[in-house]
Amino acid sequence: MSPTGPAAVQDLTIDAVALGERVLVTVRGELDISTDQALEAALLKAVGSSTRGVDLDLSCAAFCDCSGLNVLLAARRHALDSGKTLSIRSASPAVRWLLSATGTRPLFEPDHQAPSAWERALNREAQELRDEVDQLRRAMATRPVIDQAKGILMASFKLSPEDAWTVLVRVSQNTNTKLHRLAGELVTAVQGGALCEASQQQLAAALVALDAAPELDPSLD
C-alpha cells in the first residue's frame, strides 16, 4: 500500500492519505485474525512514512476482535518508540465497544501525546535498572555454590580466598564453562563425583600459574 493509495484484502480495505505531517488511514471491513497481518503491514508503513504520526478512521470497521485490537496496540507502541503518535479519530460502534470493554480507549485519544525525550530516557534508565536487579538476583542465587567451591580449593590446595577465586575464573574461561556450573562440578567431585578431564587439566594449569601444588587433591578425581 502506498501512503496515498488503497489496499484491499478479503473483508478489508485500507486507504492511507498523507495530510501534512500526519497520515490518515481509513479502514473499512472486519478487523480479525484473517485480516490482522494486512492491517499490521499497512499501519507500520503509514507510521514509517509519516512525520508526526497516524490518525485512524475506523468508522466503517464493521467488526473488531482482540486480534484487531492487538494490531492497533502494537502499531501504537511502534509509533511511540519512533517519537510519533497513533490516534483513532473516529470509530464504529463495534470498535468503540471493544475499546471501552478493554479500557484501552484513552490510549488512542488524539491528545494522548508521545513520551518526551526525557520520558523515553527515563524509561530506558528504568529498564536498565530492572536488568541490573535481575542480574543481581541471579548472582545471589548462584553465590552459595561458588563460595563452596572456593572453600574446597582453599582447603585442598591451601589457597587464599583471592587465589581460589582467580583459579575458578581461569578454569571457567579456559573450559568455556559458566562459573556457577564449574563450581557445582567441584562440589559434586568432593562428594564422590568425577571432575571432567578438561576441567582437571585447566585446574592443574591454573594452580601451576599460582605456584601452587600442581597435583589434584585425590577427592577431586
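Values below: all heavy atoms of this structure, side chains included; hydrogens, waters and symmetry mates excluded. Numbers here simply count residues along the sequence, with the first being 1.
- In this structure, the side chain of Asp65 engages the main chain of Gly68 through a donor-acceptor pair within 3.5 Å.
- Minimum interatomic distance between Ala198 and Thr175 (heavy atoms only, all atoms of both residues): O-CG2, 4.0 Å.
- In this structure the side chain of Thr85 reaches within 4.5 angstrom of the side chain of Arg22, judged on heavy atoms.
- Atom CG of Leu43 is separated from atom CG of Asp36 by 11.0 Å, given to the nearest 0.5 angstrom.
- Between Thr13 and Asp15, every side-chain heavy-atom pair lies at or beyond the 4.5 Å cut-off.
- When all heavy atoms of Ile88 and Leu58 are compared, the closest pair comes out as CD1-CD1, 3.9 Å.
- When the side chains of ILVMFWY residues are joined at heavy-atom separations under 4.5 Å, either directly or via intervening members, Phe63 and Ile33 end up in two distinct hydrophobic clusters.
- We find the CD-SG distance between Glu30 and Cys64 to be 10.5 Å, quoted to the nearest 0.5 Å.
- Put simply, Val27 and Leu44 are part of two different groups of oily side chains (I, L, V, M, F, W, Y) that touch within less than 4.5 Å, one to the next.
- Of all the heavy atoms in Ile14 and Ala38, the pair that sits closest is CD1-O, 3.9 Å.
- A 4.5 Å side-chain heavy-atom check between Cys60 and Thr26 finds every atom pair outside the cut-off.
- If you check the side chains of Thr104 and Thr102, you find a donor sitting under 3.5 Å from an acceptor.
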*What do the steps show when you test Leu12 against Leu31 for side chain to side chain contact (heavy atoms under 4.5 Å, CB included), and what is the final call?*
CA-CA 7 Å; Leu12 185 70; Leu31 310 183; 3.5 Å; yes
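- The shortest distance between side-chain heavy atoms of Arg77 and Leu80 falls below 4.5 Å.
- Of all heavy-atom pairs between Leu153 and Ala164, the closest is CD1-O, 3.7 Å.
- Atom CG of Leu179 and atom CH2 of Trp165 lie 4.5 Å apart (nearest 0.5 Å).
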*Between Thr177 and Val171, does a side chain to side chain contact (heavy atoms under 4.5 Å, CB included) hold up when you go through it step by step?*
CA-CA 8 Å; Thr177 304; Val171 175; over 6 Å; no
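- The CZ atom of Arg76 sits 12.0 Å away from the CG atom of Leu56 when rounded to the nearest 0.5 Å.
- With rounding to the nearest 0.5 Å, the separation of CG in Leu19 from CG in Leu24 is 5.5 Å.
- Taking CG of Leu207 as the reference point, atom CZ of Arg170 lies at 9.5 Å (rounded to 0.5 Å).
- Met154 and Val187 fall into different hydrophobic clusters, where Ile, Leu, Val, Met, Phe, Trp and Tyr side chains are chained together by heavy-atom contacts under 4.5 Å.
- What you find for Leu186 and Ala149 is that their closest heavy atoms are CD1-CB, 4.0 Å.
- Within the structure, salt bridge (charged side-chain N to carboxylate O under 4.0 Å, His left out) contacts touching residues 86-99 (residues at least two apart or in different chains) are Asp55-Arg89.
- In plain terms, the two heavy atoms of Ser50 and Lys84 that are nearest each other are O-NZ, 2.7 Å.
- No side-chain donor-acceptor contact under 3.5 Å links Asp32 and Ser67.
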